[in-house]
Amino acid sequence: MSVSTPDAAQAAAASARRAERAEAAGRWFIAVLLVVGALAMLVPFYVMLAMSFKTMSEIDRTSVWAWPVEFTWENFRLVLTNPNVSFVKFLRNSTVIAVISTAGVIVSSSLVAYAFARLKFRGRNRLFVLLLSTMMLPGIVTMIPTFVLYKYLYWIDTFMPLTVPAWFGGGAYNIFLLRQFFMGLPRELDEAALIDGASHATIFWRIVMPLSGPALATVGVFSFIYNWRDFMGPLLYLNSPEKQTLELGLRTYSALNGERWDLVMAASVLVMIPLLVIFAVGQKYFVKGIAMSGLK
Amino acid sequence: MPWRWLILTLLLCVACVAPAQEPKKVTLRLTSWDGDESLRVLRKSIARFEERYPHIEVRLENIDWSLYFQKILTQYAANVAPDVAMMGFQNFQSLAKRGALLPLNEFFDETPGFDINEYYKEIVDAHSFHGNVYVLPRDIAPISLIYYNKRMFDEAGIPYPDGTWTWDFKVRPELREKDFLWVVRELTKKDGGGKTTRWGYAPGWPQLLADSFALPYAGDPVDNLEAPTKILANSEKHAEAYQFAADLMNKEKWVPNNAEVVNVLQTNTRAMFTSQRVAMFQSGIWEVPNIRKVLEPGKTGFFDYDITWFPAFRDGSRRYSTGGSGYCILSSTKHPKEAWLLTQWMAGPEGMKDLAESGLAQPAIRGLSLREPWIPGPNTPEPMQYPKNRIVTDTSVPHVTFGPTADYWPEVRDLVNARLDGLWNGETTAKAALDRGVAEGQARMDAILVEQHLPPFNWWIGLALGAVVIGGMLFWVYWPERHVKATLREKQESRTAYWFISPFLIGLVVFTLGPMVLSLLMSFADWDVILPARWRGMQNYQEAFSGDPRFWVSLRVTFVYTFFAVPLGVLGSLGLALLLNQKVRGMPLYRTCYYLPSLASVVAASLIWRRLFQPEGGLVNTVIYGADGKGDFLGLATFLGRYSPTGEPVNWLGNEATALPALIIMSLWGIGGGMVILLAGLQAIPQHYYEAALLDGAGTWKKFRNVTFPLLTPSLFFVLITGVIGSFQVFTQAFVITAGGPGDSTRFFMLHLYNQAFTSLRMGYASALAWVLFVIILFFTMVQFKMSKWVYYESEVK
């Protein structure tokens with residue numbers, strides 16, 4: 001359509017401006033929605049934080065929205081110095097378990113993923129299907145028998161059930177992710193090395209792994225967070241208060257002090273802090289990792 | 001290179017875990033269910049014990065009451081039992097029957113100066129089984145005590161109770177203070193609108209009041225206390241007594257309603273007594289340390305209080321339930337002699353002295369419970385004088401009953417009691433609730449009595465089955481390639497590859513396939529992992545489908561939850577992802593805000609939301625009903641009116657109809673997880689598709705329908721499948737906040753399974769449940785795959 005006459009041009013310009021305004025209004029509307037939604041999402045955090053700084057009597061008297069008038073650190077002090085329940089120990093336990101597990105996941109899943117990505121072997125395709133199917137296996141079928149297994153190994157109430165399985169395969173999802181990544185690496189490097197007589201182990205260690213930093217970091221971050229938040233595992237396998245993790249310990253603490261909202265919220269804040277720190281540090285890996293699963 | 005750091009951290013962690021070397025000391029683990037206050041008393045006794053026996057170290061562990069006995073049993077099953085455990089008379093038979101406890105009689109003879117006859121005979125007998133004493137009693141605790149606020153009696157002009165009062169089913173004003181109900185009524189204060197502002201009486205827990213009436217009036221809840229075969233708890237008289245108690249809470253309103261106490265006020269009745277919201281409070285003597293903490297003479301908030309005993313029935317008969325505890329030695333202990341020393345200390349004159357001073361527990365040695373410091377006298381310091389009338393604890397003893405003592409009773413009793421929540425809330429009648437509970441309890445009891453004879457399980461079947469499965473798997477993997485000839489190079493590569501995937505293969509067999517086979521086998525057995533397994537054939541599955549009322553309920557709860565939470569969640573994530581995909585400023589910040597909740601610790605999140613759903617003072621109700629309770633946000637208050645008959649703000653987690661919706665709402669807080677995946681999927685859609693669509697003149701809707709949506713379907717499919725699988729296995733929220741209640745409204749399948757496996761130790765039955773759920777999940781996953789023609793895979797088109 002030709003914009004020849006000045007009237008038509010003006011009309012076109014006017015409608016373009018209207019469209020622009022509509023678009024701007026639309027964007028405004030979206031922005032408002034997003035802000036409201038984001039605030040709504042953050043409100044529970046706010047309440048948790050506010051309540052952890054209030055005394056019990058203030059909680060009873062004032063509105064739940066209010067920032068504490070009598071700001072106090074007392075709750076945190078009480079939680080951290082409780083003789084029966086030690087959050088410092090919980091933190092240590094969670095860290096140890098998560099670190100050992102994550103190391104195991106990174107090591108073993110990269111080994112397995114490399115084989116599936118780069119090597120040809122008998123039964124590879126069917127074994128891969130088997131791998132995929134374990135990804136969707138609900139944990140309940142294996143929960144009870146593994147408990148029995150650990151009982152006979154005398155591993156209950158140790159960190160073993162929570163750390164050892166990570167070294168044997170490291171989770172199907174991680175293997176899948178790394179396999180995708182490895183398949184995306186150029187083969188020329190491998191081939192050059194092979195011609196030079198390098199073994200697959202060398203290629204894996206010297207060529208592929210150094211290039212895989214981001215992918216491994218992603219797998220590591222996801223695995224760490226998953227481990228950190230695990231509740232069922234510690235619930236089943238950990239008994240003594242000294243061995244409990246933060247998640248389990250928080251639950252134990254709230255069961256003993258259920259009505260003391262001030263203390264329970266302070267404890268919750270303590271448990272949340274490491275998660276937030278990890279997220280802040282590993283933020284970019286989250287997004288990358290999800291994009292990398294290449295769900296196309 | 002980061003590798004060095006990784007290895008360093010790893011070594012550090014392993015070092016933290018390695019046990020430190022210690023000199024030759026015997027360490028004993030002691031478990032107790034006491035709360036913080038009472039633990040202080042225990043620690044004192046333990047400190048003096050360690051002084052007396054320097055080569056023994058005692059580690060005190062605290063397990064909360066609601067889980068205590070199951071935990072000890074489970075710990076024993078897992079080979080991590082303590083050495084000495086606090087134990088109750090209702091629960092020790094489970095352990096004794098399984099050989100988990102050491103009989104103590106030999107120790108009696110070996111210890112000079114020890115005489116078991118010094119203990120109240122009633123409680124020693126209650127802790128014996130087939131002639132052996134398994135638990136050395138340390139205290140007896142008749143639950144007949146009524147703590148009363150003297151100031152309130154003075155204000156009302158009523159003389160203090162002297163123990164001669166009686167109760168009847170109606171108020172007898174002619175007896176004045178000799179009639180229990182009259183006193184309760186007189187001490188209750190109501191406001192102009194008829195709402196109670198001060199209750200005359202509150203029991204430690206609702207059933208206490210009902211049983212206080214039922215025991216003298218209706219008798220025992222079973223036909224035979226030692227070997228019950230028939231439950232009588234729903235007889236006419238029992239129903240009458242229970243209804244009477246419930247009416248006092250919901251009709252007369254002289255007694256606070258339990259839902260009010262727990263969910264609305266979020267406190268307990270003892271705290272209500274010390275904060276002067278109730279005039280009289282019934283419980284056992286163990287409340288004293290906590291009461292003393294708040295009511296100290298000279299401090300603000302103090303009022304003069306004392307105890308008396310619950311009135312006799314009008315015909316003079318008295319019957320009280322009782323608590324009581326002692327210490328037992330687990331048979332798995334490595335140090336029986338030291339364990340006995342500890343047991344005898346804690347449950348002997350030394351330990352009882354500390355208990356008596358704190359007012360916490362009445363010594364099980366009669367001589368001690370008749371002297372100072374238990375009965376306050378001239379040498380007792382002032383704070384320990386209260387409550388003064390403690391002689392009542394001794395006079396109550398001849399009237400106590402320990403209830404049914406069979407080892408299978410606690411499980412059956414819990415089934416009966418689970419149906420009573422509705423009664424205390426006024427939602428159902430006593431007869432209806434009791435009939436229902438007794439029917440279920442009786443069914444279970446009958447099943448248990450039948451089950452006492454089953455053939456042993458043959459584990460060779462297991463090996464055979466395992467071999468078949470592994471064989472089948474190998475066949476499936478390698479058969480198609482049997483003809484393929486491999487070159488030497490290829491064979492070498494294959495061998496290397498197998499080294500690489502060996503962790504996966506080992507993990508597959510040891511942690512996946514093996515357990516699956518074992519789980520299948522166990523589903524045909526009756527096994528508590530302590531005694532040898534017994535063969536049950538298909539009975540576990542039969543019981544699930546026709547004999548377990550909670551099976552269908554929990555399936556329904558899980559299905560309903562999935563049906564609502566997953567679509568809502570996916571739609572929400574989709575909406576958010578679409579919004580965020582617009583060119584908005586500060587997108588990463590928004591994304592973080594929305595994603596953060598899904599990262600939050602599940603336990604912490606559950607706790608916060610529990611608080612947010614609190615009827616009075618919780619965020620949700622403050623928004624809906626406004627700060628003064630009269631608001632109506634978006635008309636929700638009127639909509640929710642049907643769930644709150646009294647017109648008060650809805651009690652989300654305390655009302656059977658709203659508890660599950662509350663959890664569904666809570667799950668929506670975590671839609672950020674799905675959103676991030678969908679957003680990544682959206683951003684992966686190449687721009688040129690949109691440009692092409694624009695050239696074709698497509699508007700927003702057309703763009704969405706023909707470009708965005710199809711290319712997003714793989715991500716959507718992923719989110720949907722993982723969402724369904726995940727929501728079928730929801731556990732933590734229910735476990736932490738609701739424990740399946742109220743009633744069964746949040747009894748998720750995983751929770752039911754967990755309870756069967758790790759609380760009742762019915763591992764065989766739980767395995768059968770696990771397989772049922774597995775098949776269901778498998779079915780739904782396959783259905784979704786079959787129906788996934790709507791998923792558009794770009795790569796397939798070429």
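We name chains A, B, ... by the order of the sequence lines, and we start the count at 1 in each one.
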(request) Locate the shortest heavy-atom distance separating Q729(B) from G139(A); write the atom from each residue and the value. (result) OE1-N, 3.3 Å
(message) Within this structure, what is the CD1-CH2 distance for the pair I608(B) and W261(A), rounded to the nearest 0.5 Å?
(response) 10.0 Å
(message) As an exercise: rank A115(A), S109(A), A31(A), P44(A) by heavy-atom pairs under 4.5 Å with chain B and give me the winner.
(response) P44(A)
(request) Heavy-atom distances under 4.5 Å only: say whether Y498(B) touches chain A with side chain, backbone, both or neither. (result) side chain
(request) Indicate, with yes or no, if the rings of W499(B) and F121(A) have centres closer together than 6.0 Å. (result) no
(message) If I take atom NE2 from residue H200(A) and atom CD from residue E493(B), how far apart are they, to the nearest 0.5 angstrom?
(response) 4.0 Å
(message) Heavy-atom cut-off 4.5 Å, strictly under: side chain, backbone, both or neither for I671(B) against chain A?
(response) side chain
(request) Give, for atom CG of N239(A) and atom OG1 of T74(B), the distance between the pair rounded to the nearest 0.5 Å. (result) 8.0 Å
(message) Working note: L119(A) + I501(B), criterion side-chain contact (heavy atoms from CB on, under 4.5 Å); need CA distance, chi angles, decisive distance, verdict.
(response) CA-CA 11 Å; L119(A) 302 176; I501(B) 64 170; over 6 Å; no
(message) When you measure from the side chain of S494(B) to the backbone of R122(A), do you find a donor-acceptor pair of N or O atoms at a distance under 3.5 Å?
(response) yes
(request) Could you tell me the separation between the CG atom of L518(B) and the CG atom of L149(A), rounded to the nearest 0.5 Å? (result) 8.5 Å
(request) Can you see which heavy atom on R126(A) is nearest to which on W476(B), and at what distance? (result) NH1-O, 3.0 Å
(message) Could you measure the distance from the CD1 atom of I144(A) to the OH atom of Y754(B)? Nearest 0.5 Å is fine.
(response) 11.5 Å
(message) Quick check on the interface: out of V129(A), V164(A), T134(A), L235(A), who has the most heavy-atom pairs with chain B under 4.5 Å?
(response) L235(A)
(request) State, to 0.1 Å, how close I156(A) and V80(B) come at their nearest heavy-atom pair, and which atoms those are. (result) O-CG1, 3.2 Å
(message) I'd like to know if the side chain of R229(A) reaches the main chain of L599(B), judged simply by a donor and an acceptor atom lying under 3.5 Å from each other, with no hydrogens or angles considered.
(response) yes
(message) Using only atom types and a distance under 3.5 Å, with no angle test, would you say the side chain of W771(B) pairs donor to acceptor with the backbone of V141(A)?
(response) no
(request) Sort V269(A) into side chain, backbone, both or neither according to what part of it lies under 4.5 angstrom from a heavy atom of chain B. (result) neither
(message) I'd like to check F168(A) versus V510(B) (side-chain heavy atoms, cut-off strictly below 4.5 Å). Are they in contact?
(response) no
(message) Using a 3.5 Å distance criterion without hydrogens, assess whether the side chain of Y594(B) forms a donor-acceptor pair with backbone atoms of L34(A).
(response) yes
(message) Quick check on L33(A) against chain B: is it the side chain, the backbone, both or neither that has a heavy atom closer than 4.5 Å?
(response) both
(message) Which atoms of L246(A) are under 4.5 Å from chain B, going by heavy atoms: the side chain, the backbone, both sets, or neither?
(response) neither
(message) I'd like to know which of A600(B), S606(B), A770(B) tops the heavy-atom pair count under 4.5 Å against chain A.
(response) A600(B)
(message) Heavy-atom pairs under 4.5 Å with chain A: which of A605(B), C593(B), G507(B) has the most?
(response) C593(B)
(request) Report yes if the side chains of T732(B) and F231(A) come closer than 4.5 Å at any heavy-atom pair, otherwise no. (result) yes
(message) For the interface with chain A, which of V529(B), T496(B), I777(B), L576(B) has the highest count of heavy-atom pairs at distances below 4.5 Å?
(response) V529(B)
(message) Tell me the closest heavy-atom pair linking L137(A) and F774(B), and the distance in Å.
(response) CD1-CE1, 3.6 Å
(message) Please rank G514(B), A757(B), S519(B) by heavy-atom pairs under 4.5 Å with chain A and give me the top one.
(response) S519(B)
(message) Counting only non-hydrogen atoms closer than 4.5 Å, does N82(A) touch chain B with its backbone (N, CA, C, O), its side chain (CB onward), both, or neither?
(response) side chain
(request) Taking the side chain as every heavy atom from C-beta outward, state whether L596(B) and L276(A) have any pair of such atoms under 4.5 Å apart. (result) yes
(request) Measure from the side-chain N and O atoms of R251(A) to the backbone N and O of V736(B), and report whether any donor-acceptor pair falls under 3.5 Å. (result) no
(request) Look at the rings of F279(A) and Y595(B) and say which category their plane angle falls in: under 30° parallel, 30 to 60° tilted, over 60° perpendicular. (result) tilted
(request) Start with the C-alpha gap between V47(A) and L612(B), add the side-chain angles, then the distance that decides, and say whether side-chain contact (heavy atoms from CB on, under 4.5 Å) holds. (result) CA-CA 8 Å; V47(A) 170; L612(B) 293 182; 4.0 Å; yes
(request) Would you mind telling me which of L131(A), V264(A), T146(A) has the largest number of heavy-atom pairs within less than 4.5 Å of chain B? (result) L131(A)
(message) With a 4.5 angstrom heavy-atom cut-off, is it the side chain or the backbone of W167(A) that approaches chain B, or both, or neither?
(response) both
(message) Distance check, rounded to the nearest 0.5 Å: Q75(B) atom CD versus D157(A) atom CG?
(response) 7.0 Å
(message) I'd like to check I140(A) versus F749(B) (side-chain heavy atoms, cut-off strictly below 4.5 Å). Are they in contact?
(response) no
(message) Determine whether F758(B) and L236(A) satisfy the following criterion, side-chain contact (heavy atoms from CB on, under 4.5 Å), listing intermediate values before the conclusion.
(response) CA-CA 8 Å; F758(B) 297 100; L236(A) 289 180; 3.2 Å; yes
(message) Tell me which of these, S502(B), P597(B), P82(B), G672(B), has more heavy-atom pairs under 4.5 Å with chain A than the rest.
(response) P597(B)
(request) Output the option from I225(A), V112(A), T163(A), T158(A) having the highest count of non-hydrogen pairs under 4.5 Å with chain B. (result) V112(A)
(request) Let me know if M135(A) has heavy atoms under 4.5 Å from chain B in its side chain, its backbone, both or neither. (result) neither
(message) On a heavy-atom basis, which atom in S601(B) and which in M272(A) lie closest, and how many Å separate them?
(response) N-SD, 3.6 Å
(request) Output the option from L248(A), L130(A), T252(A) having the highest count of non-hydrogen pairs under 4.5 Å with chain B. (result) L130(A)
(message) Looking only at heavy atoms and a cut-off of under 4.5 Å, which of R29(B), R43(B), R495(B) has the most pairs with chain A?
(response) R43(B)
(request) Side chain from CB out, backbone as N, CA, C, O: work out which of these in P588(B) comes under 4.5 Å of a heavy atom of chain A, or both, or neither. (result) neither
(message) Minimum heavy-atom separation for A78(B) and K151(A), please, with both atom names.
(response) CA-CG, 3.8 Å
(request) Among the options G37(A), S254(A), A172(A), pick out the one with the most heavy-atom pairs lying under 4.5 Å from chain B. (result) G37(A)
(request) Under 4.5 Å heavy-atom distance to chain B, tell me which part of F204(A) shows up: side chain, backbone, both or neither. (result) side chain
(request) Answer yes or no: does atom CZ of F128(A) have more than 12 heavy-atom neighbours from other residues, nucleotides or ligands under 6.0 Å? (result) yes
